[in-house]
There are 2 protein chains.
Amino acid sequence: MVVRAEALDATFAALADPTRRAILARLAQGEATVTELASPFQMSQPAISKHLKVLERAGLISRGRDAQRRPCRLEARPLKAATTWLASYRDAWEESFQRLDDLLDELKREEEG
Amino acid sequence: MVVRAEALDATFAALADPTRRAILARLAQGEATVTELASPFQMSQPAISKHLKVLERAGLISRGRDAQRRPCRLEARPLKAATTWLASYRDAWEESFQRLDDLLDELKREEEG
DNA sequence: TAGTTTCATAACCTACTGGTTTTATACCGC
DNA sequence: GCGGTATAAAACCAGTAGGTTATGAAACTA
């Protein structure tokens, strides 16, 4: 998978905010409207709308239409691209830390067990 | 692996800059001094020093001492933590995109083949 | 000792981020 | 059409990010 630098810039920058990561975590459970996404936070609604715009421009979410509501859906592609980029450092990790394989195997075991 | 939110903030923010990603790519090949790291860029040396400070505070690099030189080394732990975080979205990805397993298997195949 | 190399720090500038409040837009139900 | 609901947009503000130049400090070299 070839990923342009600006795409990674936008993805990582979007992921660097805890509010946005929490929004993504919520969306991993399924679609949600802006109000639903805003409710757990003390922030104002426009602040959430700004975060959603950041996520949308990074391609991490897409938005539909349902009357006044704009349901948001998680988009996987940039997350996968980020993972691919990180995976290219696996060899360096193995040198300095431990094998990613262990992690992946562990994840697989969790999935199957 | 439990990762504090601030750690992920710092890691993803550090990865959101192409210069810093390029520095990490260079360091994946092995240790390098500040001047060596700066040479591929048109930027001033202090700019590189700032980037290195960001990487260091994110725990992505560590620095030694060799006379006047401050050799930098890649540190894997935060990269692994970021990968772990991304991996927790795998189920959502599979729904909306395709199985991460395919990617991982492909990477394994590349490694072994 | 003096000069050179390596790197960091300080001060500064511009642009962007992340929040606010206020206002506008679009759609629904009555 | 009118009031309520859902969301976006505008204007504003403080803080931070990423660059610059100029300067300083530490350690080698002659």
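Here is how names work: the chains are called A, B, and so on, in the same order as the sequence lines, proteins then strands, and each is numbered from 1.
In terms of phosphate contacts, A/Lys53 brings a side-chain nitrogen or oxygen within less than 4.0 Å of OP1 or OP2 of D/dA9. Distances shorter than 4.0 Å separate none of the side-chain N or O atoms of A/Ser44 from OP1 or OP2 on C/dG19.
Between D/dT20, D/dG19, C/dT20, one nucleotide has an atom nearer to the side chain of B/Thr19 than all others, and that is D/dG19. Nearest to the side chain of A/Lys50, among C/dG18, C/dC28, C/dA8, sits C/dG18. Considering only side-chain atoms of A/Gln68, the nucleotide from C/dC28, D/dT20, C/dT6 that sits closest is C/dC28. Listed nucleotides: C/dT22, D/dG19, C/dA8. Nearest to the side chain of B/Ser49: C/dA8.
Minimum heavy-atom separation, A/Glu31 to A/Arg26: O-NH2, 3.6 Å.
Atom CG of A/Leu15 is separated from atom C1' of C/dT17 by 16 Å (rounded to the nearest Å). Atom CZ in A/Arg70 sits about 14 Å away from atom P in C/dC28, given to the nearest Å. Distance A/Asp9 CG to D/dA17 P: 16 Å, rounded to the nearest Å. One can place CG of B/Leu37 at 13 Å from P of C/dT6, the figure rounded to the nearest angstrom. The distance from atom CG of B/Leu52 to atom C1' of C/dT9 is 14 Å, rounded to the nearest whole Å. Taking atom CE of residue B/Met43 and atom P of nucleotide D/dT20, one finds them 7 Å apart after rounding to whole Å. In this structure, A/Asp17 places its CG atom 12 Å from P of D/dA17, rounding to the nearest Å. Per the geometry, CD1 belonging to B/Ile48 stands 13 Å off C1' belonging to D/dT20, to the nearest Å.
Position along DNA chain C of the nearest nucleotide to B/Arg63 versus A/His51 favours B/Arg63 as the more 5'-ward residue. Each of A/Arg69 and A/Ala13 has a nearest nucleotide on DNA chain C; the 5'-most of these lies closest to A/Ala13.
Here B/Arg65 lies out of heavy-atom contact (under 4.0 Å) with every strand. Using a 4.0 Å heavy-atom distance criterion, A/Ala67 is classed as a sugar-phosphate-only contact.
Note: B/Phe12 and B/Trp85 have perpendicular aromatic rings, judged against thresholds of 30 and 60 degrees for the angle between ring planes.
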**Request:** List the steps and the verdict of side-chain contact (heavy atoms from CB on, under 4.5 Å) for A/Leu24 and A/Leu15.
**Result:** CA-CA 9 Å; A/Leu24 293 180; A/Leu15 294 178; 3.5 Å; yes
**Message:** Using the rule given for side-chain contact (heavy atoms from CB on, under 4.5 Å), can you reason through B/Leu79 versus B/Leu74, listing the C-alpha separation, both sets of side-chain angles and the distance that settles it, and then say yes or no?
**Reply:** CA-CA 10 Å; B/Leu79 290 175; B/Leu74 182 62; 4.3 Å; yes
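At least one donor-acceptor pair under 3.5 Å links the side chain of B/Arg20 to the backbone N or O of B/Ala14.
If you check distances only, the side chain of A/Gln45 never reaches the base of D/dA6 with a donor-acceptor pair under 3.5 Å.
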